[in-house]
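Below is one structure, written out as C-alpha cells, with a few remarks after it.
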Amino acid sequence: MTDPGDRYDPRQVEERWYRVWESRGYFHAVPGSPKKPYAIVIPPPNVTASLHLGHALNNVLQDVLVRWKRMEGWNVLWQPGTDHAGIATQNVVERQLAAEGTTKAALGREAFVERVWRWREESGGTIIRQLKRLGCSCDWTRERFTMDPGLSAAVREVFVRLWEEGLIYQGDYIVNWCPRCQTAISDLEVEYEERDAHLYYIKYGPLTLATVRPETKLGDTALAVHPRDKRYAKYVGQTLTVRSVDGEIALKVIADTAVDPKFGTGVVKVTPAHDAADFEIGRRHGLEVRQVIGGDGKMNALAGKYAGLDRFEARQRIVSDLETLGLIERIEPYRHRIGVCYRCWTVVEPLVSTQWYVRTRPLAEPAIKAVREGKIRIVPRGWTRTYFSWMEGIRDWCISRQIWWGHRIPVWHCDACGILIVSREDPAQCDQCGGPLRQETDVLDTWFSSALWPFSTLGWPEDTPELRTFYPTACLVTGFDILFFWVARMIMMGLRFMGDVPFRDVYIHALVRDMEGKKMSKSRGNVIDPLEVMDRFGTDALRFTLAALAAQGRDIRLSEERIEGYRNFANKLWNAARFVLTNLDGYAPAGAKDVALSLPDRWIRSRLARTVTAVKKGLQAYRFNDAAGAIYQFLWHEFCDWYVECSKLALYRGEDPLARALTQKVLVETLEVTLRLLHPFMPFITEEIWQRLPKGKKSPESIMIADFPRVPRAARDPGAEAEMELLMAVVGAIRNIRGEMGIPPLRPLTAVVRPTETQAAALRANQPLVEALARIRLSVDPGARRPHSSAMALVAGMECFVLLEGVVDLAAEARRLTKELGKAEEALRFVEEKLSRQEFRARAPAEVVEREIERRDELIQTVRRLGESLERVRATQN
RNA sequence: AGGCACGUAGCUCAGUGGGAGAGCGCUUGCUUGACACGCAAGAGGUCGGCGGUUCAAAACCGCCCGUGCCUACCA
C-alpha cells in the first residue's frame with residue numbers, strides 16, 4: 001500500500017467522515033427498535049452562541065457516552081437543539097438595530113419579533129455547525145428549538161395546568177430589575193460583585209444612620225431599630241420629624257429583628273420600594289411603598305428636584321446637598337457586594353412591580369424525594385448536598401420578563417368586565433361579556449421552556465413513540481453552574497407532567513478555566529478558541545484533551561501545551577498504524593492459528609484485555625480521564641514502546657514464517673481493537689485508520705457501527721505478563737547502565753546474567769528478543785561468575801553484568817552503584833523499622849506482614865550484592 | 001456571615017488505609033528498519049502546617065494558614 005505520510009493531517013479526514021456518517025443515518029434513532037434505549041438530551045446552547053470550550057467539553061463528553069453506547073448495541077438518541085435565550089437574543093438584535101440607527105420601540109413589537117426570527121434563520125445555525133465540526137453524533141433530523149410550535153404548545157400546556165392547579169399566581173413584589181434590559185430577572189440571574197463604595201452616616205433628627213444608597217432616602221417611609229436595642233427603645237413607636245434635602249419629613253420609628261444592632265449605628269432607614277429587605281420589613285409593618293426610581297434607573301417625579309437624574313448622579317447630588325445642610329456626620333470607605341445583571345453587568349435596581357410567579361414548594365418536594373430515594377443519581381455525589389440545600393430553601397420563581405422575544409404569557413385581560421382568561425388557544429373575545437381582550441405583554445423566563453426540554457423535545461404533550469421509548473432519558477451531562485437554573489427545574493417539571501424523573505443520572509462536569517484558574521471570557525482576553533484549536537491540532541486532539549482532563553474536580557485548567565501533547569498522541573497512533581500497514585506483505589489472517597503465540601503476543605493480548613476492562617469501568621463511572629488515560633498508556637507505552645519493537649524481530653529477522661504471520665495478525669488485531677476502544681474519544685482518526693485495515697467479510701462498513709471491544713476471558717495471561725515484565729526489567733537495567741555510563745546506544749556490548757532456574761527458562765526462550773531490545777549479546781548462565789571489568793545491576797534478585805572491557809569507567813560505575821546502594825539501603829531501613837515493631841507483627845493482616853518480610857529479604861540481598869560490587873570496583877580503582 | 005471544595009514534582013493535575021504517580025517542562029545521549037509531533041536514560045517531592053485516630057495516614061478526624069466557588073434580606 002502507499003505510505004500515507006508520517007504526519008497525520010486531520011483536515012484531510014474530519015469533514016469527509018462526518019459527512020459519511022451523517023448521510024448514512026448512523027446518528028438517527030428509531031423509536032420502535034428492539035434494542036435497549038439510551039437517550040441524552042443536549043443542554044441546548046443559546047441560539048446566539050458560538051462554540052466556546054465549555055460547550056466543547058460538555059458536548060464531547062456526551063458524544064463519548066453516546067458513541068460508546070451505540071457501539072455497545074443500544075438504541076441511542078442524542079436529542080439536539082437550541083434555546084431561544086430571551087434576553088441574550090433580544091440584546092443581539094437590539095444592538096444590530098442600534099447600529100442601523102433605530103430601536104425596537106420604533107419597530108414595534110410584531111416587527112421586532114419578526115426581525116429576531118429572521119436573524120435566527122440567518123445566523124442561528126452557527127453553534128449547530130460548530131457542534132458538527134466537533135464530531136457530535138446528534139440525531140440532527142430531530143433538532144428542536146424552544147420556540148418551535150410544538151415546544152411552544154408544551155409551554156402553554158404547562159402554564160395553563162399550573163395555573164389551574166393554583167401553582168401560578170400574579171402579584172406585586174419586589175424583584176431584581178435590570179434598568180438596561182428593562183426587565184425583571186430572577187434571583188438566580190443576579191450576580192454579585194465586590195465593589196468599593198462609601199458608607200454615609202446621615203443625621204435623621206436625633207438619630208444617625210448609615211447607608212450606601214443615600215438616593216433612596218427620598219423613598220424612606222420609616223426608620224427601624226432592633227426591638228432589644230436599649231439605646232433606641234424610647235423612640236420606637238414615635239414619629240420623628242426630620243430635616244432632609246426635600247424639607248421636613250415625618251418618619252415612624254419601628255422595631256424589627258431584621259436590624260443588626262451591631263452594624264453602623266444600629267438604625268436603618270426603611271425604603272420598601274428599593275430594597276428587598278426593606279420591602280419585607282414594610283410588609284410586616286404595613287408601610288407605604290414609595291417608589292422614587294423608575295424602571296429606567298432614573299429618579300422619578302416623586303424625587304422632586306432630583307427627578308430625571310440617573311440614580312448614581314442623584315446620589316452625588318444628594319450627598320453634597322446633605323453636606324451643605326450639615327446632615328452628613330461622616331463618610332467611610334466601604335467594600336460590599338453589589339448585584340448586577342448576569343447578561344449585561346448593569347447594577348440591578350430592586351423594584352416593586354407586578355409579576356408572575358410559580359409556587360415552587362409543591363414542585364420541589366417530589367424533586368427532593370426523587371434524588372433522596374435514588375431515582376436520580378447525581379455524579380459526583382458531592383453535588384447532591386448542594387442540590388438539597390437549594391431545593392429545601394427554594395423560593396417562588398419569578399417567571400415573567402418584560403421583553404418581547406419569548407413565549408408570551410397566555411393570559412388575556414378583559415377591560416370591560418375585568419376578568420382574566422388563561423387559555424391554551426388564543427381567545428377571540430371575552431367569554432363572559434364578549435368584550436375585547438388584551439393579551440398579557442410579558443413573556444416567560446427562558447428557563448421556563450428549558451425546564452420542559454427532556455419531554456417537550458420528544459413531542460409532549462402529544463403521546464409519541466419517542467416519548468414512550470426514550471423518556472426518562474438515561475443521563476444529563478452539564479456544568480454545575482446551571483444546577484439550579486436548569487437541572488432542578490427539569491426535575492420538578494418532569495415529575496409533575498410526566499410522572500417520572502427526566503433522567504436517571506446527572507453527570508456534573510467541571511468548568512473550563514484558563515491557566516490562572518480564571519473563567520475564560522472575551523473581556524479578559526484569556527479565551528482559547530476551540531475552533532482555532534481544532535484548526536491547529538485537530539478535533540480529535542481537542543476531544544481527547546477534554547476527556548483526559550475531565551477529572552471530577554471543580555475546574556479544568558487548559559493550556560495549549562496539553563492539547564499539543566495529545567495532538568502528538570494522535571500522531572503516534574498514526575505512525576503506529578503506518579508501521580502495521582507497511583508490514584503486512586503476505587498477510588493472511590485466516591492462515592495463522594493461535595497455537596504458537598510468542599511471549600510478546602500473549603503479553604500484548606493480556607494487556608489489551610486489561611485495558612478494555614479499565615476503559616469500560618471508567619466510562620461506566622463517568623471517569624472519562626481514567627478511560628482516556630488507560631488507552632493512552634496502553635497504546636503508547638505498551639503497544640508502541642514494547643510490542644511494536646518486539647514485532648520487528650519476527651518481521652525482519654526471524655526465519656519462521658508462522659511466527660511472522662502470527663505477529664502480523666496480532667499487530668493488526670491489537671491495533672483494530674484499540675481503534676474501536678478509542679473511537680468514542682477520537683472518532684475521526686480511528687475511522688480513517690480503521691478503513692485502511694484489512695478486514696473480513698462480515699466487518700461493518702464503519703467503525704462507528706462496529707461493536708465496542710469485549711474482553712475475551714482467555715486473553716488474560718498473568719504468566720505471560722510476569723515473564724514479559726522480567727524481560728523488560730533486564731532490558732531496562734542494561735539500558736540504564738548504557739545511559740548512566742554514557743555508552744552510545746549502537747555500541748555492541750555483552751552481558752551475562754545469573755538467573756534462577758525459572759528465570760533462566762524465560763530468558764533463554766526469549767534471548768534474541770532481549771538481545772535485540774537491549775542491543776547486546778547475552779549469555780544466560782545460572783553458574784556465572786562475575787566477569788572482570790563489568791557493571792552490575794540487580795533485576796528481580798538476578799545479577800546482570802554488562803561487560804565493559806575497554807570502555808569501563810570505574811569512577812562512573814562506582815557512582816552508579818553508590819546511588820543504587822543508597823536507594824536500597826534507605827528502603828531496607830524503612831522496612832526493617834516497620835518489621836521491628838511488635839504491634840505491626842501482631843495487628844497487621846498476615847499477608848501484609850508476609851509481603852514486608854519478603855521485601856526485606858530481597859532488599860538484604862540487593863544491599864549485599866550492590867555492596868560487594870561496589871567494593872570490588874573500588875578495589876580495582878585503587 | 002454561613003456552606004462547599006481545593007492545597008501532592010518547576011507547571012497542570014491523577015491518586016478514598018499498607019512499597020509517592022502522569023502529562024508538559026528540565027538534564028544527558030541518540031538521523032535505532034513507523035513516528036524529532038520521535039527514541040533511550042535521568043534529575044526533581046518535609047504530599048500546606050500542627051495535633052489526633054490507627055500496628056500503619058498523602059488519604060480518616062480536629063484546629064490553623066492559604067486559594068477558589070456557592071448561598072444569604074448586614075443597610
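Order of the sequence lines fixes the chain letters, A, B, ..., with proteins taken first and strands second; residue numbering starts at 1 for each chain. In what follows, every heavy atom counts, from backbone to side chain, and hydrogens, waters and symmetry copies are set aside. All figures in this text were calculated on a predicted structure; none of them were measured in a lab.
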When you compare [N] with [M], how far apart are their [atom1] atoms, in angstrom units rounded to a whole number?
N	M	atom1	value
B/G23	B/C60	C1'	30 Å
B/U16	B/C11	C1'	26 Å
B/G2	B/C73	C1'	14 Å
B/A58	B/C50	C1'	16 Å
B/G25	B/A40	P	15 Å
B/G21	B/A14	C1'	8 Å
B/A43	B/U27	P	15 Å
B/U12	B/C70	C1'	24 Å

Given that both distances must come in under 3.5 Å, which nucleotide forms a Watson-Crick or G-U wobble pair with [N]?
N	value
B/U27	B/A41
B/G17	none
B/U46	none
B/G66	B/C6

* So how far is it from A/F830 CZ to A/L835 CG, rounded to the nearest 0.5 Å? ->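 Those atoms lie 10.5 Å apart.
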Among [options], which is the nearest nucleotide to the side chain of [X]?
X	options	answer
A/A258	B/C73, B/G42, B/A75	B/C73
A/D641	B/C35, B/C70, B/C39	B/C39
A/Y652	B/A41, B/A34, B/G33	B/G33

* Within the structure shown, what part of the strands sits under 4.0 Å from A/R385 by heavy-atom distance: base, sugar-phosphate, or nothing? ->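 Sugar-phosphate, backbone atoms only, no base.
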* Asked: With a 4.5 Å heavy-atom cut-off, do A/E645 and A/L773 have their side chains touching?
  ->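 Contact flag for A/E645/A/L773 side chains = yes.
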* Answer yes if the side chains of A/N575 and A/D6 hold a donor-acceptor pair under 3.5 Å, and no otherwise. =>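 Not at all, the side chains of A/N575 and A/D6 share no donor-acceptor pair under 3.5 Å.
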* Asked: Regarding A/D396 and A/Y173, is there a side-chain donor-to-acceptor distance under 3.5 Å anywhere?
  ->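 Short answer, no.
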* Asked: Does A/E280 come within less than 4.0 Å of A/R283, counting only side-chain N to carboxylate O?
  ->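 No salt bridge links A/E280 with A/R283.
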* To do: On the 0 to 90° scale, with breaks at 30° and 60°, tag the A/Y652-A/F579 ring pair as parallel, tilted or perpendicular.
  =>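 A/Y652 and A/F579: perpendicular rings.
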* Report the relative orientation of the aromatic rings in A/Y566 and A/F569; use parallel for angles under 30°, tilted for 30 to 60°, perpendicular for over 60°. =>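 Perpendicular: the ring planes of A/Y566 and A/F569 meet at over 60°.
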* Select from A/K262 and A/W642 the residue whose nearest nucleotide in RNA chain B is closer to the 5' end of that strand. =>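 With A/K262 and A/W642 compared, the 5'-side residue is A/W642.
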* Asked: Taking the nucleotide of RNA chain B with the closest heavy atom to each, which residue, A/E820 or A/A277, is nearer the 5' end?
  ->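 It is A/E820, whose closest nucleotide lies nearer the 5' terminus.
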* To do: Please report the closest heavy-atom contact between A/I174 and A/P272, naming both atoms and the distance.
  =>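 Answer, listing the atom of A/I174 first, then A/P272: CD1-O, 3.6 Å.
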* Per-nucleotide protein contact string for nucleotides 17-31 of chain B (B base, S sugar-phosphate only, - none; heavy atom under 4.0 Å) -> -BB---SS-----S-
